[in-house]
Amino acid sequence: QVQLAESGGGLVQPGGSLKLSCAASGWSLDDWAVGWFRQVPGKEREGFSCISSRDGSTFYADSVKGRFTISRDNDKNTVYLQMNSLKRDDTAVYYCATERLSCSVAGGSLNYYAFDYWGSGTLVTVSS
């Protein structure tokens with residue numbers, strides 16, 4: 001059974017850090033790009049970061065560039081998202097998703113429709 005599971009969400013103060021994980025079970029992420037999306041109720045899901053399968057090239061939307069870092073450990077079948085300098089506007093449910101080989105970007109964010117498999121999300125709350 002193909003599954004993706006996010007973990008690491010929680011409550012953090014503005015300026016703080018969190019590290020999210022996206023772990024795959026039942027399959028290998030080796031040939032899959034992994035993207036991170038986030039969504040606030042009432043707003044569209046934003047695809048803000050991605051890492052490709054082969055060369056590990058990365059994408060960051062302007063909203064997170066310089067603050068978030070995506071990485072992958074194929075031995076652990078896991079992708080990570082290190083989030084630093086968190087802002088209240090980063091509060092959202094964070095999802096990881098996969099797409100074959102490389103990241104599809106359109107208009108400065110990930111192409112939602114290109115991603116095949118999704119996790120169920122983890123909540124990140126940035127508040128004092």
Side-chain angles (χ1 to χ4, degrees):
Q1 185 177 2
V2 171
Q3 285 189 328
L4 283 175
E6 304 92 343
S7 61
L11 174 65
V12 62
Q13 292 187 342
S17 299
L18 277 178
K19 187 174 185 177
L20 304 184
S21 299
C22 172
S25 59
W27 59 312
S28 171
L29 286 177
D30 286 3
D31 291 327
W32 294 83
V34 178
W36 284 96
F37 294 76
R38 62 187 181 183
Q39 190 166 25
V40 175
K43 293 188 177 181
E44 289 189 358
R45 192 168 293 192
E46 177 194 12
F48 62 87
S49 186
C50 189
I51 187 165
S52 67
S53 63
R54 298 292 172 82
D55 62 4
S57 57
T58 58
F59 162 79
Y60 299 97
D62 288 345
S63 58
V64 305
K65 196 173 294 181
R67 300 187 298 124
F68 292 8
T69 302
I70 191 171
S71 62
R72 66 190 300 154
D73 185 337
N74 285 350
D75 289 340
K76 294 184 179 180
N77 219 24
T78 300
V79 168
Y80 303 98
L81 184 72
Q82 177 67 46
M83 305 187 295
N84 298 329
S85 303
L86 283 161
K87 306 173 182 180
R88 288 183 173 83
D89 287 350
D90 294 318
T91 296
V93 177
Y94 283 68
Y95 301 89
C96 63
T98 60
E99 177 186 8
R100 285 288 288 178
L101 297 180
S102 58
C103 306
S104 293
V105 179
S109 63
L110 298 175
N111 180 0
Y112 172 93
Y113 298 102
F115 287 79
D116 302 305
Y117 299 103
W118 292 80
S120 58
T122 185
L123 176 63
V124 171
T125 303
V126 184
S127 175
S128 54

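Values below: all heavy atoms of this structure, side chains included; hydrogens, waters and symmetry mates excluded.
When all heavy atoms of Cys22 and Val34 are compared, the pair lying nearest together is SG-CG1, 4.2 Å. Minimum interatomic distance between Leu110 and Gly35 (heavy atoms only, all atoms of both residues): CD1-CA, 4.0 Å. Nearest approach of Val126 to Thr91, heavy atoms of both residues: N-OG1, 2.9 Å. A pairwise comparison of heavy atoms in Ala61 and Gly108 identifies CB-O, 3.8 Å as the closest pair. Among all heavy-atom pairs drawn from Asp31 and Ser53, the shortest one is C-CB, 3.5 Å. Closest of all the heavy-atom pairs between Ser85 and Arg67 is O-NH1, 3.0 Å.
Side chains of Leu20 and Glu6 form no contact here, defined as non-hydrogen atoms less than 4.5 Å apart. Considering only heavy atoms from C-beta on, Ser63 comes within 4.5 Å of Arg38 through its side chain. Taking 4.5 Å as the limit, every side-chain heavy atom of Trp32 sits out of range of all side-chain heavy atoms of Leu4. Side chains of Ser127 and Leu11 form a contact here, defined as non-hydrogen atoms less than 4.5 Å apart.
The structure places CZ of Arg72 at 11.5 Å from OG1 of Thr58, a figure rounded to the nearest 0.5 Å. Atom NZ of Lys76 and atom OG of Ser21 lie 9.0 Å apart (nearest 0.5 Å). One distance of note links NZ of Lys19 with CG of Leu81; it measures 10.0 Å at 0.5 Å rounding. Atom CD of Gln3 is separated from atom OH of Tyr117 by 12.5 Å, given to the nearest 0.5 angstrom.
Hydrophobic cluster membership is shared by Leu29 and Ile51, with clusters built from Ile, Leu, Val, Met, Phe, Trp and Tyr side chains linked at under 4.5 angstrom. Grouping the Ile, Leu, Val, Met, Phe, Trp and Tyr side chains by contacts below 4.5 angstrom, directly or via other members, places Met83 with Val12. A continuous path of Ile, Leu, Val, Met, Phe, Trp and Tyr side chains, each step under 4.5 Å between heavy atoms, connects Tyr60 with Leu86, placing both in one hydrophobic cluster. In the hydrophobic cluster analysis, where Ile, Leu, Val, Met, Phe, Trp and Tyr join through side-chain heavy atoms closer than 4.5 angstrom, Val79 is grouped apart from Trp118. Note on Leu123 and Phe37: same hydrophobic cluster, where clusters join Ile, Leu, Val, Met, Phe, Trp and Tyr whose side-chain heavy atoms are under 4.5 Å apart, directly or indirectly.
Side-chain atoms of Asp73 never come within 3.5 Å of backbone atoms of Thr78 as a donor-acceptor pair (strictly under, hydrogens ignored). Side chain of Gln39 to main chain of Ala92: no donor-acceptor pair is present (N/O by atom type, distance under 3.5 Å, no hydrogens or angles). A side-chain donor-acceptor contact under 3.5 Å links Asn77 to the backbone of Ala24.
Between Phe68 and Tyr94, the ring planes lie tilted relative to each other; the angle falls in the 30° to 60° range.
Using a 4.0 Å cut-off between charged side-chain N and carboxylate O, Lys87 and Asp90 make no salt bridge.
Side-chain contact of Ser52 with Ser57: a donor-acceptor pair under 3.5 Å is present, judged by distance alone. A side-chain donor from one of Asn84 and Ser17 sits under 3.5 Å from a side-chain acceptor of the other. Counted by atom type alone, Ser102 and Arg54 present zero donor-acceptor pairs between their side chains at under 3.5 Å.
Other residues, nucleotides and ligands contribute more than 12 heavy atoms inside 6.0 Å of the CG atom of Asp55.
Only one option out of Phe48, Phe59, Trp36 pairs with Ile70 in a side-chain contact (heavy atoms from CB on, under 4.5 Å); it is Trp36.
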(message) Let's go through Tyr95 and Tyr112 carefully: what are the C-alpha distance in whole Å and the side-chain angles of both, what is the deciding distance for ring pair (Phe, Tyr, Trp, His ring centres under 6.0 Å) to 0.1 Å, and is it a yes or a no?
(response) CA-CA 11 Å; Tyr95 301 89; Tyr112 172 93; 9.3 Å; no

